[in-house]
Amino acid sequence: MAKPVTNVAIVGGGTAGWMTALTLATMLKWRPGRDDMKIALIESPNIPTVGVGEATVPSISMMLNQLEVPEAEFFARCHATFKLGVLFAGWNRWEDGAGRDFFHPFTAPRFINGLNAGYHFRAFASGGRTDFCDSVLPVLAVAGRNLGPRRIGGRDYDRDLRYAYHLDAGRLAEFLREISVERGVEHIRDDMTGVERDERGFITALNLERNGRHDVELVIDCTGFRSMLLGGEMEEPFVSYDEFLLNDRACAVQIPHQDGAPLRPYTTSTALSAGWSWNVPLYHRVGTGYVYSSQFKTDDEAKRELLDHLGPIAAGLEPRTLNMRIGRMRRAWVKNVVAIGLSGGFIEPLESTAIYMIEVANRQLATFWPDVEFPEVLTNKFNDVMTTLQDEVRDFIVLHYRLNNRTDPYWTAAREDLPTPDSLAEDFARWRYAMPNERDHPEAQLFPATSNLMCLFGKGFYDVEGPSAARPPITSSEEMPMERFAAAIDWARFSEFVLAQKKQLVGELPDHRALVTSIRDESAAADPSLTEAAML
């Protein structure tokens, strides 16, 4: 067996580059006896980063914990807040035209006598406007009161409810960079001007404008949408998802918190005329913007609609427009080049998946770490995992659009004019008779059956009663086979249990802002250099 790869160059910084650097440094280098491992991050001083994601999914807390990142310091440095889920506002309509909202939580409900709680809800509580999430979980009672997911004074990464974060992506990259450099990553500020290859087509060196030739064994492409190495040098083709998804633009802006407004522990996604607006509450500001389709809105029209939606608090601000390339590279790993982050693919940020994609790529790269021969059995498996993940996320995002019942031209086109991926069409057909379960897609990495269940109930797929105007065009059969085995007494006991959970958590969990402030104060006390001015 050949020697393991011990000379790595990461091209590009930002969240993708520095999270990759810290992951590899922590797992492969930052231990006694590993001085032979060389990790360099080459970052252009002339190219700004996009700043992937200000909202995340729960796996990031486990990732940071495993990388031995102090959570309190992370909160202080990155202006982080807690995230309990996503509120989807107005993505569907009730029969009277009022917006039909639903919440996608990170916490999963318990089973009832071995059955999915959805069967009992449908049999005994569905009808009218009763909310499924609120009926089976305490999380809406907590989020609706703007409470945090753990008690003040708790240890790093403790939790009473599963959570993710809202964060400042620019600050996160800076924070990860400092830790990475402390753990031995070489930071090179330079521009890449070209590459050298061997007879196999593998890249053996990067040519840098100021530092000259830089030898490499493995190159990681974190150059964003430009994909300079995988797409440029290796000429790997791009697989577009535009046949399934309309959105190709975003405009973004930062706004202050309203005076006296609570600090919400959730992301909000609000349907607009040609897409949706995000609201991500950080500790010191709110990140917001509009993801839209250029087929239905010009950039100027989108900016005006966003500013009208935000109201007076955004007066005088100028949103920044971004072009989005939706899809993935055919393969994320070709020869000795691996693309991580936007260079490998991107799907609109509806479910905050961008940073998760980076996490998974890092874990899989460490799992399938190669020797200098780069066995195809490893690269092929890595590519299979990443392709499966990208397609999983694509299907879950498409689900949100296919089950809308709005009548605006954009929303009608998103529902009726685009094909549904075969894998999702099969799911819809099966879910009419059996609710989502973990065996639907054993290979799924991010969205469990609960995620699909919350969206299906939230968008009316399982409505039993009510006029057709309140339901999406795809619905379940009138009676599902497993409903016959749901017992009213079991539902009554379960409802009492959920109510007791709500009362306990609402009575014991602190205000979200008070909790985050206490964590920031704890970090400042542990490190006097983290003054309030330094954290702004």
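- Residues Asn247 and Ile326 approach most closely at O-CG1, 3.4 Å, considering heavy atoms.
- Arg226 CZ: more than 12 foreign heavy atoms inside a 6.0 Å radius.
- Smallest separation of non-hydrogen atoms from Pro448 and Glu438: CB-OE2, 3.6 Å.
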- Item | salt bridge (Lys or Arg N to Asp or Glu O under 4.0 Å) evaluation trace for Arg122 with Asp463 | CA-CA 8 Å; Arg122 197 166 191 265; Asp463 281 3; over 6 Å; no

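- By the 30° and 60° cut-offs, the orientation of the rings of His120 relative to Trp491 is parallel.
- Screening Phe88, Phe461, Trp91 for a ring-ring contact (aromatic ring centres under 6.0 Å, His included) with Phe102, the sole residue that qualifies is Phe88.
- Paired with Thr15 under the rule side-chain contact (heavy atoms from CB on, under 4.5 Å), one option of Thr20, Leu342, Ile355 passes, and it is Ile355.
- With sequence neighbours excluded, the residues satisfying salt bridge (charged side-chain N to carboxylate O under 4.0 Å, His left out) with Arg129 are Glu95, Asp96.
- In this structure the side chain of Pro419 reaches within 4.5 angstrom of the side chain of Glu243, judged on heavy atoms.
- Contact check for Leu350 versus Val86: no side-chain heavy atoms found under the 4.5 Å cut-off.
- With Asp168 contributing its side chain and Cys78 its backbone, the two residues share no donor-acceptor pair below 3.5 Å.
- Distance CE/Met324 to OH/Tyr292: 8.5 Å, rounded to 0.5 Å.
- In this structure a side-chain-to-backbone donor-acceptor pair under 3.5 Å is present from Ser227 to Ser343.
- Remark: the backbone N or O of Glu301 is paired with a side-chain donor or acceptor of Thr298 at under 3.5 angstrom.
- Between His441 and Phe396, the gap from one ring centroid to the other reaches at least 6.0 Å.
- Using bins of under 30°, 30° to 60° and over 60° for the plane-to-plane angle, the ring pair Phe457/Phe132 lands in the parallel bin.
- Heavy atoms only, all atoms of each residue included: Met329 and Glu236 are closest at CE-O, 3.0 Å.
- The aromatic rings of Tyr165 and Phe82 are tilted relative to each other, their planes meeting at an angle between 30° and 60°.
- The aromatic rings of Phe346 and Phe225 lie perpendicular to each other, with more than 60° between the two planes, well past the 30° mark.
- Contact between Asn452 and Leu399 at its shortest, heavy atoms only, is OD1-CD1, 3.7 Å.
- Expressed to the nearest 0.5 Å, how far CH2 of Trp411 lies from OH of Tyr401 amounts to 5.5 Å.
- When every heavy atom of Lys459 is checked against every heavy atom of Asn404, the shortest pair comes out as CE-N, 3.9 Å.
- Under the 6.0 Å distance and 45° angle rule, Arg325 counts as a cation-pi partner of Phe238.
- A donor-acceptor pair under 3.5 Å links the side-chain atoms of Glu483 to the main chain of Met480, judged by distance alone.
- Applying the side-chain contact (heavy atoms from CB on, under 4.5 Å) criterion to Phe485, with sequence neighbours excluded, gives Leu115, Met482.
- By the 6.0 Å and 45° rule, Arg394 stacks over the aromatic ring of Phe244.
- Remark: Arg520 is positioned above the aromatic ring of Tyr283, its terminal NZ or CZ atom under 6.0 angstrom from the ring centre and at most 45 degrees off the axis.
- With rounding to the nearest 0.5 Å, the separation of OG in Ser293 from CZ in Arg249 is 9.0 Å.
- Residues satisfying the ring-ring contact (aromatic ring centres under 6.0 Å, His included) criterion with Phe382, sequence neighbours excluded, are Trp333.
- No side-chain heavy atom of Leu147 sits less than 4.5 Å from a side-chain heavy atom of Pro265.
- No more than 12 heavy-atom neighbours from other residues, nucleotides or ligands sit within 6.0 angstrom of CZ on Arg145.
- With contacts defined as side-chain heavy-atom distances shorter than 4.5 Å, the pair Asp101/Phe103 does not qualify.
- For Thr288 (side chain) and Trp278 (main-chain N/O), a donor-acceptor pair under 3.5 Å exists by modelled atom type.
- Checked by atom type and distance alone, the side chain of Glu508 never pairs as donor or acceptor with a backbone atom of Arg151 at under 3.5 Å.
- Checking side-chain atoms of His257 against main-chain N and O of Leu282 turns up a donor-acceptor pair under 3.5 Å.
- Among all heavy-atom pairs drawn from Leu403 and Leu456, the shortest one is CD1-CD2, 3.5 Å.
- In this structure, the side chain of Gln295 does not engage the main chain of Leu246 through any donor-acceptor pair within 3.5 Å.
- Of the possible polar contacts, one joining the Asp248 side chain to the Ser294 backbone as a donor-acceptor pair under 3.5 Å is found.
- A donor-acceptor pair is defined here as one N or O able to donate and one able to accept, closer than 3.5 Å; such a pair exists between the side chain of Arg150 and the backbone of Asp158.
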